[in-house]
Trainee: 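What follows is a structure written as structure tokens; I'll ask about it next.
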Amino acid sequence: MPSESTYTLATPVYFYVTRFGHDRPVDIDNRLGLSQCSLCCLLRGSLRIDAGGRAIEAHGGDLVYFPHRRRYSSHWRDRAECIALYFNFQYRAIARYSTRLLAVDPEPFYFQTLPRTEDYPAFFRRLLADYETPARNLAALSAALGLYSRMSDVMAREDVPPVQDAIETALIYIETHCAEEFSIADVARQCGMSESRLYHCFREVTGTSPIEYKNRERIRRAIELLPDAQLSIEDIAERLNFSSPAYFRRIFKKYAGGQPSDYRHIAPRL
């Protein structure tokens, strides 16, 4: 994490607004978590989120925060309808003489329903209208960033252990090279530690192994590529360096809970 002699610069790298609803009760088990963070305004109905042994309840008019890369299940009831804002930031630790990319969000918020400090449904309807109007895209982005800034002042932060610089380096290396062949020894050398020490610290901080993290990252990339009709499933498997399409399908099902073809026409979903 950044030391006291640094400050953190956040640059938005992804921004998407959509509206969706469920006419019937729907239960979704999102094993990978979202690729982006999300602020979801529930226009009507009810929602329960189960994550990490905690349950979050929301009803019409509430605003719910979804962190990225956290497994959860969502349960939509009473003809639930919402407008969701998806976003991601790239974080950099800025020091006096250097800039370092951070692999870990320095503002670790968890699933939560936010205080009703404003009329969220009205705000999100305006946001969606601006987002869908090309001449108003920048206004929509500005409004979304303003909302996130206001909400980050009141959101509860997750109590997580400090992330060591070595593990940040490992995460960056794996995310950058996830479609390439590398060994644990390669990652350990980047971090300046032994393989056994890296494995122990990595699992302690992230809850998974470096190879599992690599596979999860490859499946996240696959989900982002699948809506591109110009890429076949075989093309995606090859691009992400899977040994065969069959192996890609097997790993995809393990982490995403379905087949790649199931995700061909699916937008990010909560």
Side-chain angles (χ1 to χ4, degrees), residues 8-24 26 28 30 32-47 49 56 58-70 72 74 76-92 105 107 109 111-155 220-231 236 262-270:
T8 301
L9 177 67
T11 304
V13 294
Y14 184 89
F15 170 58
Y16 177 70
V17 185
T18 189
R19 181 173 186 159
F20 62 88
H22 301 287
D23 291 332
R24 297 172 298 176
V26 171
I28 298 172
N30 198 323
L32 289 175
L34 297 175
S35 296
Q36 306 85 26
C37 303
S38 180
L39 284 167
C40 172
C41 175
L42 199 61
L43 302 178
R44 70 179 185 189
S46 61
L47 165 66
I49 302 166
I56 308 296
H59 304 277
D62 282 338
L63 182 62
V64 182
Y65 178 77
F66 288 73
H68 71 315
R69 301 181 179 180
R70 303 295 175 88
Y72 68 93
S74 58
W76 305 82
R77 298 293 184 268
D78 307 318
R79 299 182 55 134
E81 183 178 6
C82 77
I83 298 176
L85 161 64
Y86 299 90
F87 54 92
N88 259 354
F89 294 97
Q90 183 181 78
Y91 293 92
R92 292 183 182 274
D105 185 338
E107 298 180 343
F109 303 118
F111 295 93
Q112 56 191 287
T113 301
L114 296 168
R116 292 198 186 189
T117 58
E118 54 191 274
D119 186 344
Y120 297 127
F123 176 90
F124 271 78
R125 288 188 176 99
R126 290 194 302 270
L127 179 67
L128 180 62
D130 285 344
Y131 179 80
E132 292 178 338
T133 305
R136 297 284 298 167
N137 276 175
L138 286 179
L141 175 59
S142 177
L145 292 174
L147 175 68
Y148 180 73
S149 177
R150 296 193 299 277
M151 294 303 100
S152 64
D153 288 337
V154 299
M155 280 196 283
R220 289 191 189 99
R221 300 279 181 91
I223 290 172
E224 293 173 356
L225 292 172
L226 281 166
D228 186 346
Q230 295 184 339
L231 292 174
I236 295 171
D262 299 336
Y263 284 74
R264 271 302 196 186
H265 307 291
I266 298 179
R269 64 175 187 167
L270 299 173

Trainee: Once you round to the nearest 0.5 Å, how far does CG of Asp153 lie from OH of Tyr148?
Mentor: 10.0 Å
Trainee: Hey, mind stepping through Leu147 and Leu39 against side-chain contact (heavy atoms from CB on, under 4.5 Å) and telling me if it holds?
Mentor: CA-CA 9 Å; Leu147 175 68; Leu39 284 167; 4.0 Å; yes
Trainee: If you define the side chain from C-beta out and look only at heavy atoms, does anything of Asn88 sit under 4.5 Å from Cys37?
Mentor: yes
Trainee: Who are the side chain to side chain donor-acceptor pair (under 3.5 Å) partners of Ser46, not counting sequence neighbours?
Mentor: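 Listed in chain order: Asp78.
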Trainee: At their closest point, which heavy atom of Ser74 faces which heavy atom of Leu47, and how far apart are they?
Mentor: CB-CD1, 4.0 Å
Trainee: Identify, with sequence neighbours excluded, every residue that meets salt bridge (Lys or Arg N to Asp or Glu O under 4.0 Å) alongside Arg116.
Mentor: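 Checked Arg116 against salt bridge (Lys or Arg N to Asp or Glu O under 4.0 Å); matches are Asp62.
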Trainee: Taking only residues two or more places apart in sequence, or in another chain, which ones meet Thr117 in a side-chain contact (heavy atoms from CB on, under 4.5 Å)?
Mentor: Pro115, Tyr120, Met151
Trainee: Are the side chains of Phe124 and Leu63 in touch, meaning some heavy atoms are under 4.5 Å apart?
Mentor: yes
Trainee: Rounded to the nearest 0.5 Å, what's the gap from CG on Leu42 to CH2 on Trp76? Could you check?
Mentor: 6.5 Å
Trainee: Between Phe66 and Tyr72, what is the ring plane arrangement, given parallel below 30°, perpendicular above 60°, and tilted in between?
Mentor: perpendicular
Trainee: Do you know which two heavy atoms are closest between Glu132 and Pro134, and how far apart they sit?
Mentor: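 Minimum heavy-atom contact is O-CD, 3.6 Å.
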Trainee: How are the rings of His22 and Phe20 set to each other: parallel, tilted or perpendicular (split at 30° and 60°)?
Mentor: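 Correct class here is perpendicular.
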Trainee: Students often mix this up, so state it plainly: with edges at 30° and 60°, are the rings of Tyr65 and Phe109 parallel, tilted or perpendicular?
Mentor: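 Aromatic pair Tyr65/Phe109 classed perpendicular.
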Trainee: With Arg79, which residues qualify under side chain to side chain donor-acceptor pair (under 3.5 Å), at least two apart?
Mentor: none
Trainee: Nearest 0.5 angstrom please: His59 NE2 to Thr113 OG1, how far?
Mentor: 8.0 Å
Trainee: Under a 4.5 Å cut-off applied to non-hydrogen side-chain atoms, are Val64 and Ile49 in contact?
Mentor: yes
Trainee: Quick check for you: to the nearest 0.5 Å, what is the distance between Asp130 atom CG and Leu138 atom CG?
Mentor: 10.5 Å
Trainee: Side-chain contact, heavy-atom cut-off 4.5 Å: Leu85 with Tyr131?
Mentor: no
Trainee: Please enumerate all residues that pass side chain to side chain donor-acceptor pair (under 3.5 Å) together with Arg150, with sequence neighbours excluded.
Mentor: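 Applying side chain to side chain donor-acceptor pair (under 3.5 Å) to Arg150 gives Glu118.
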Trainee: CG of Leu127 to SG of Cys41: how many Å apart, nearest 0.5 Å?
Mentor: 10.0 Å
Trainee: For Leu226, does its backbone N or O pair with a side-chain atom of Arg264 as donor and acceptor, under 3.5 Å?
Mentor: yes
Trainee: Residues two or more places apart in sequence or in another chain: which of them pass side chain to side chain donor-acceptor pair (under 3.5 Å) with Asp119?
Mentor: none
Trainee: Answer yes or no: is there a side-chain heavy-atom contact under 4.5 Å between Leu145 and Phe87?
Mentor: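 Heavy-atom side-chain distance check fails, nothing below 4.5 Å.
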Trainee: Drop me the distance from Gln36's CD to Arg220's CZ, to the nearest 0.5 angstrom.
Mentor: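 Nearest 0.5 Å value for the CD-CZ distance: 10.5 Å.
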Trainee: Less than 4.5 Å apart, any side-chain heavy atom of Tyr86 and any of His68?
Mentor: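 Result no, sub-4.5 Å side-chain heavy-atom pair not found.
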